[in-house]
Amino acid sequence: RTSAPPSRNVATPRLAPAPPAAAPILAAAQDSAPAGPAATSIDEELQAWKEARGSKFQMPWRQLALMASLCFGIASFVLPDSVNGDLDWLLWGLMAASAYVGFRKRREKRGS
């Protein structure tokens, strides 16, 4: 007696129908150069916005002076002796100048 292998019901995936081909979208032709009065009004509006916004950015001079002072001071210790002999006084002078600028800015800020 030969038994047949059990039949397996395997579900085959059904494919969804392909979407219809999209028609190309055609844009209306437009001039690349805007009209004269509109261009000036945009420029004027941008200028007015910039003036209203104001410049609130201030350069962080104290922090820059501190970093410059530290970098010049560290450079005077790190550079090899052959280079340091020639640049030693220059590095110390730059370090002192940047430290002076940092302290002067601090004094101006405290006085205001």
Side-chain angles (χ1 to χ4, degrees):
R1 174 170 185 209
T2 318
S3 65
S7 65
R8 296 185 183 174
N9 293 334
V10 178
T12 58
R14 293 186 183 186
L15 297 175
I25 300 172
L26 301 174
Q30 295 178 352
D31 290 337
S32 60
T40 55
S41 67
I42 291 174
D43 291 338
E44 291 171 358
E45 183 180 339
L46 179 63
Q47 187 65 28
W49 176 78
K50 285 182 180 179
E51 290 172 1
R53 182 173 157 235
S55 177
K56 298 197 178 22
F57 176 75
Q58 292 181 349
M59 186 64 89
W61 289 113
R62 283 188 57 211
Q63 290 83 358
L64 289 175
L66 173 66
M67 287 306 300
S69 179
L70 290 173
C71 289
F72 291 133
I74 291 171
S76 68
F77 291 113
V78 173
L79 289 174
D81 289 336
S82 60
V83 177
N84 200 9
D86 296 332
L87 296 179
D88 194 32
W89 289 106
L90 174 67
L91 290 172
W92 284 103
L94 289 172
M95 184 180 77
S98 60
Y100 171 75
V101 169
F103 288 129
R104 191 185 77 206
K105 291 289 182 183
R106 182 178 182 191
R107 207 174 316 134
E108 287 175 4
K109 192 173 190 177
R110 189 181 291 171
S112 321

Legend entry - Results of side chain to side chain contact (heavy atoms under 4.5 Å, CB included) for Ser98 - residues two or more places apart only: Ala68, Ser69, Phe72

Legend entry - Joint cluster assignment, Leu66 & Leu94, ILVMFWY side-chain distance < 4.5 Å: no

Inset, instruction - Any chance you could pull the hydrophobic cluster mates of Leu46, using side-chain heavy atoms under 4.5 angstrom and chaining through other members? - result: Trp49

Legend entry - In one Ile/Leu/Val/Met/Phe/Trp/Tyr side-chain cluster, 4.5 Å: Phe103, Met95: no

Inset, instruction - Would you mind listing the cluster partners of Ile74? Hydrophobic ones only (ILVMFWY), side-chain contacts under 4.5 Å, chaining allowed. - result: Val78

Could you tabulate the donor-acceptor pairs under 3.5 Å formed by side-chain atoms of residues 86-93, not counting sequence neighbours?
residue, atom, partner, partner atom, Å
Asp88, OD1, Trp92, NE1, 2.8

